[in-house]
Amino acid sequence: EQMLTETSTAWAPWYVIPADHKWVTRALVARILTGTIRGLDLHYPEVTPEMLKQIEEAKRQLEEEGKASPG
C-alpha cells in the first residue's frame with residue numbers, strides 16, 4: 001500500500017483492481033481506459049486546402065502507377 005501511495009502520480013496513476021470476478025475486473029479496466037481516453041480531448045487533424053491538393057495529387061500518381069504496371 002505504501003509503494004502505491006508513494007509512486008502513483010496524477011500523470012501515471014496506479015489502480016488496484018480486484019480480480020475475483022473477471023467481468024468486474026474487465027468492467028473496471030474498461031471504465032478507467034475510456035475515462036482516460038476521453039480526458040485526452042483528442043480531435044481529428046484539420047486538413048487544409050493545400051493538404052487536400054497534395055493528397056489528391058498523390059492519389060492521382062498512385063492510380064497512374066497502377067495503370068502502368070502489369071498485373
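- At a threshold of 4.5 Å between side-chain heavy atoms, the hydrophobic network of Ile, Leu, Val, Met, Phe, Trp and Tyr places Leu33 and Leu28 in one connected group.
- Taking Glu1 as the reference, nothing meets the side chain to side chain donor-acceptor pair (under 3.5 Å) condition, with sequence neighbours excluded.
- From Ile32, atom CD1 reaches atom CD1 of Ile37 across 12.0 Å, with rounding to the nearest 0.5 Å.
- Taking the side chain to side chain donor-acceptor pair (under 3.5 Å) definition, one finds that Glu65 meets it with nothing, sequence neighbours left out.
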With a 3.5 Å cut-off and sequence neighbours excluded, list the donor-acceptor pairs that the side chains of residues 44-56 form with protein atoms.
from  : atom 1 : to    : atom 2 : distance (Å)
Thr48 : OG1    : Met51 : N      : 3.1

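- The two atoms that bring Ser8 and Pro13 nearest to each other are OG-CA, 3.3 Å, heavy atoms only.
- With sequence neighbours excluded, the residues satisfying side chain to side chain contact (heavy atoms under 4.5 Å, CB included) with Glu57 are Arg60, Gln61.
- At distances below 3.5 Å, at least one donor-acceptor pair connects side-chain atoms of Thr34 with backbone N or O atoms of Arg31.
- Considering only residues two or more places apart in sequence or on other chains, Arg38 meets the side chain to side chain donor-acceptor pair (under 3.5 Å) condition with none of them.
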Table please: side-chain donor-acceptor pairs of residues 14-27 below 3.5 Å, with sequence neighbours left out.
from  : atom 1 : to    : atom 2 : distance (Å)
Trp14 : NE1    : Thr7  : OG1    : 2.9
Thr25 : OG1    : Pro18 : O      : 2.6
Thr25 : OG1    : His21 : O      : 3.2

